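Read through the structure below, which is laid out as structure tokens, and then see the notes.
The shown structure was predicted, so the numbers you read here are calculated from the model rather than taken from an experiment.
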Amino acid sequence: LSSSSAASDVYKRQDIDMALVFRSIQHQDIEEHELYSGQFKIAVRKNHPIFKLTKSKRIDNLNQLPAITFRTTNGINYTQSHPIFKKYNIKPKHTFFYDNNETSIKLLLETDGWALLPDLVIKQNKKQIQELPISSSWDATLKICLIKNKNRSSSQLFDLVKENVAPKF
């Protein structure tokens, strides 16, 4: 499914047994198992010119650069309008869109753009991209959760995924 809200809607209709979501879904009928907890961070390519600027000028510069934005559905999604942007007065120029990590890395390498990515994606690609530190108080929580409908009978598949996927994070 393309978004956590879409997963929640399908769940309420009981169309699927489980889903992997990138934001917590609070609903009385949903059982949630957290697989990973981390942070969304701003990422740029290694040796990006923005690192030559003082920290105080980086946000102004970010607002001039193309934003590389995750999008799998029409309309605004969570990473496009993340609350952290408002907190730090970041006004993304949504220019490039991607629906998978490989494309986001390629766009970061080929442009002066930046992206809001999960910290684990940045770590996995640390030879090519890096975090652009904004503030020591940065808090853009990321939770990857496996969810299932509490009203459905116990799913062996849910237990199997929970036991085998969680340790890989």
Side-chain angles (χ1 to χ4, degrees), residues 1-8 19-26 32-147 161-162 164-169:
L1 294 171
S2 60
S3 71
S4 295
S5 61
S8 178
L20 190 65
V21 297
F22 290 90
R23 283 197 305 160
S24 184
I25 296 175
Q26 304 299 317
E32 180 177 282
H33 179 77
E34 185 176 298
L35 300 174
Y36 178 80
S37 180
Q39 291 283 315
F40 283 106
K41 303 279 188 173
I42 292 183
V44 295
R45 72 173 187 269
K46 290 273 187 177
N47 302 314
H48 193 287
I50 200 166
F51 288 108
K52 294 177 182 170
L53 301 174
T54 62
K55 280 190 177 185
S56 63
K57 294 189 180 200
R58 288 181 182 172
I59 290 178
D60 287 339
N61 191 249
L62 272 183
N63 290 336
Q64 303 304 311
L65 298 174
I68 299 167
T69 309
F70 178 76
R71 182 189 284 172
T72 58
T73 58
N74 291 329
I76 295 187
N77 72 36
Y78 188 63
T79 60
Q80 212 171 335
S81 61
H82 196 285
I84 200 76
F85 295 147
K86 186 174 185 177
K87 180 176 181 179
Y88 289 98
N89 201 28
I90 298 171
K91 298 174 183 132
K93 287 175 53 177
H94 301 290
T95 307
F96 302 106
F97 297 91
Y98 69 93
D99 64 1
N100 62 69
N101 292 332
E102 292 78 20
T103 302
S104 69
I105 303 305
K106 183 178 181 206
L107 287 166
L108 285 169
L109 296 175
E110 294 175 354
T111 70
D112 279 339
W114 61 274
L116 185 68
L117 294 176
D119 55 356
L120 61 100
V121 172
I122 297 170
K123 287 175 192 167
Q124 290 170 343
N125 295 279
K126 65 184 175 190
K127 291 182 180 176
Q128 299 173 298
I129 65 171
Q130 68 186 86
E131 175 190 349
L132 177 68
I134 300 296
S135 168
S136 60
S137 62
W138 180 273
D139 184 20
T141 302
L142 160 69
K143 283 177 66 173
I144 300 174
C145 301
L146 184 64
I147 61 171
V161 171
K162 184 171 72 172
N164 289 290
V165 174
K168 298 201 186 312
F169 283 101

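Residues Y98 and F70 share a closest heavy-atom pair of CE2-N, 3.2 Å. Here the closest non-hydrogen pair linking R71 and Q80 is NH2-NE2, 2.9 Å. When every heavy atom of Q128 is checked against every heavy atom of L109, the shortest pair comes out as NE2-CD1, 3.3 Å. Closest of all the heavy-atom pairs between S137 and K87 is O-NZ, 3.8 Å.
Distance CG/L146 to CD/E32: 9.5 Å, rounded to 0.5 Å. Taken to the nearest 0.5 Å, the CZ atom of F85 stands 10.0 Å off from the CG atom of N63. Taking CG from L35 and NZ from K143, the interatomic distance works out to 10.5 Å, rounded to the nearest 0.5 Å.
Taking the side-chain hydrogen bond (donor to acceptor under 3.5 Å, both in side chains) definition, one finds that N164 meets it with nothing, sequence neighbours left out. Residues meeting the side chain to side chain contact (heavy atoms under 4.5 Å, CB included) test with K57, sequence neighbours left out: L53, T54. For R58, the side-chain hydrogen bond (donor to acceptor under 3.5 Å, both in side chains) test picks out no residue, with sequence neighbours left out. Take F51 and apply the ring pair (Phe, Tyr, Trp, His ring centres under 6.0 Å) test, not counting sequence neighbours, and it matches no residue. Remark: F97 pairs with no residue by the ring pair (Phe, Tyr, Trp, His ring centres under 6.0 Å) rule, at least two apart or across chains. Listed by chain and residue number, nothing satisfies the side-chain hydrogen bond (donor to acceptor under 3.5 Å, both in side chains) test with H33 (two or more places apart in sequence, or in another chain). With sequence neighbours excluded, the residues satisfying side-chain hydrogen bond (donor to acceptor under 3.5 Å, both in side chains) with Q39 are D139. Shown here are the side chain to side chain contact (heavy atoms under 4.5 Å, CB included) partners of A43, two or more places apart in sequence or in another chain: L108, L117, I122, I129.
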- Under the side chain to side chain contact (heavy atoms under 4.5 Å, CB included) criterion, do L142 and Y36 qualify, and how do the steps go? CA-CA 8 Å; L142 160 69; Y36 178 80; 4.0 Å; yes
- Message: Test side chain to side chain contact (heavy atoms under 4.5 Å, CB included) on I144 and L120; report intermediate values, then the result.
- Response: CA-CA 11 Å; I144 300 174; L120 61 100; 4.2 Å; yes
- Message: Could you go through I90 and L116, starting from their C-alpha distance and side-chain angles, then the distance that decides it, and tell me whether this counts as side chain to side chain contact (heavy atoms under 4.5 Å, CB included)?
- Response: CA-CA 11 Å; I90 298 171; L116 185 68; over 6 Å; no
- Derivation of the side chain to side chain contact (heavy atoms under 4.5 Å, CB included) call for I105 and V121: CA-CA 9 Å; I105 303 305; V121 172; 4.3 Å; yes
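Pairs of residues two or more places apart, or lying in two chains, that qualify as salt bridge (charged side-chain N to carboxylate O under 4.0 Å, His left out) and include a residue from residues 116-131 are K41-E131. For residues 102-115, every residue pair satisfying the side-chain hydrogen bond (donor to acceptor under 3.5 Å, both in side chains) rule, not counting sequence neighbours, is listed here: R45-D112, N100-T103.
Between I134 and L62, the closest side-chain pair of non-hydrogen atoms falls below 4.5 Å.
Counting only distance, with no hydrogens or angles, the side chain of K93 and the backbone of Q64 share a donor-acceptor pair below 3.5 Å. With hydrogens and angles disregarded, no donor-acceptor distance shorter than 3.5 Å links the side chain of H82 to the backbone of A140.
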